[in-house]
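As the structure is a computational prediction, the values presented were derived from the model and not from experiment.
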Amino acid sequence: AYTWVRATNAIQSVSLADGTATTLLEGEESQNWLLDGDSIYYAGAYNQFMRLAKTGGKPERLHQAHNILLAPGVDGTQLYYGGSDQLVRIDPPNEKALMYAPSAGFIEKIVPQGELLLWEGWQGTVGYLAKDGSRCGTVVNALFGYAGWDHDATSFYIAVEDAIYQVPFE
């Protein structure tokens with residue numbers, strides 16, 4: 001298991017057997033991190049897309065974003081990021097905005113799922129986007145009582161107050 005300590009900007013691995021925490025990175029901005037394969041990806045200081053081995057070591061800068069980088073996304077070797085009103089595919093050293101979403105505000109989470117990128121924006125806006133940018137949709141737009149979401153291979157599951165709604169990908 002892994003955890004982030006906000007006060008010290010530390011990413012730690014935590015043993016499930018005995019709860020022992022091992023600091024992998026500390027004192028460096030490391031927001032909105034995600035796990036993929038043997039690496040931890042995160043949004044570093046000054047809009048840097050960073051990678052750290054799950055075992056620790058020196059972080060590696062993969063890309064300097066041209067816009068606000070809040071949410072890193074990884075699908076194998078393809079990098080994406082969400083930021084201010086947009087979702088971007090990185091083709092180093094270039095970037096391509098796949099979607100502009102002013103209603104979403106900031107894109108704060110990206111989850112690759114098959115040929116789609118699932119995303120969550122500011123204030124609970126949730127949607128999907130084809131990786132080639134050909135189609136997109138908004139599933140939830142700042143719904144009162146919104147409590148979060150998850151997914152499987154075919155659908156979103158949206159929690160609203162005391163209910164969970166299934167919304168198939170179109």
Side chain proximity check, Y2 to V14, heavy atoms < 4.5 angstrom
no
Please test E115 against Y128 for side chain to side chain donor-acceptor pair (under 3.5 Å), starting from the C-alpha separation and ending with a verdict.
CA-CA 10 Å; E115 294 304 311; Y128 64 90; over 6 Å; no
Modelled atom types, side-chain donor and acceptor of W149 and E120, under 3.5 Å
yes
State the CD-CE distance between E29 and M50, to the nearest 0.5 angstrom.
10.5 Å
Between atom CG of L117 and atom CG of L98, what is the distance when rounded to the nearest 0.5 Å?
7.0 Å
Point-to-point distance, once rounded to the nearest 0.5 Å, from CZ of F106 to CG of L69
12.0 Å
Could you give the distance from CH2 (W119) to NZ (K109), rounded to the nearest 0.5 Å?
13.0 Å
Check the surroundings of atom CD1 in I164: do more than 12 heavy atoms from other residues, nucleotides or ligands lie under 6.0 Å from it?
no
Show the nearest heavy-atom pair for residues G37 and K54, with the distance to one decimal.
O-NZ, 2.7 Å
Please check if atom CG in D132 has more than 12 non-hydrogen atoms from other residues, nucleotides or ligands closer than 6.0 Å.
yes
Report yes if the side chains of S84 and N67 come closer than 4.5 Å at any heavy-atom pair, otherwise no.
yes
Quick one: closest heavy-atom pair of A43 and L70, and the distance?
CB-O, 3.9 Å
Distance only, no hydrogens: is a donor on one side chain within 3.5 Å (strictly under) of an acceptor on the other, for D36 and S39?
no
Would you call W4 and N9 a side-chain contact if the rule is heavy atoms closer than 4.5 Å?
yes
Under a 4.5 Å cut-off applied to non-hydrogen side-chain atoms, are Q113 and L118 in contact?
yes
Minimal heavy-atom distance between Q78 and I90, with the atoms involved, is NE2-O, 2.7 Å
Minimal non-hydrogen separation, E108 against G121, with atom names
OE1-O, 3.9 Å
Under 3.5 Å donor-acceptor, N47 side chain and A65 backbone:
no
How close do G76 and V74 get, counting heavy atoms only, and between which atoms?
O-CG1, 3.5 Å
Measure the shortest side-chain to side-chain distance between P72 and Y81 over non-hydrogen atoms and say whether it is less than 4.5 angstrom.
no
What distance separates I110 CD1 from L79 CG, expressed to the nearest 0.5 Å?
10.5 Å
Is L34 reachable from Y42 through a run of hydrophobic residues whose side-chain heavy atoms are each under 4.5 Å from the next?
no
Side chains of Y80 and E95: donor-acceptor distance under 3.5 Å anywhere?
no
What is the distance from atom CD1 of I107 to atom CD of Q86, rounded to the nearest 0.5 Å?
9.0 Å
Using a distance-only test with no angle check, is there a side-chain donor-acceptor pair under 3.5 angstrom linking T23 and Q12?
yes
For the residue pair P93 and H63, what are the closest heavy atoms and their distance?
O-CE1, 3.8 Å
For a 4.5 angstrom cut-off between non-hydrogen side-chain atoms, does T125 reach V140?
no
Just checking, is any N or O donor in the side chain of D152 or Y157 under 3.5 Å from an acceptor N or O on the other one?
yes
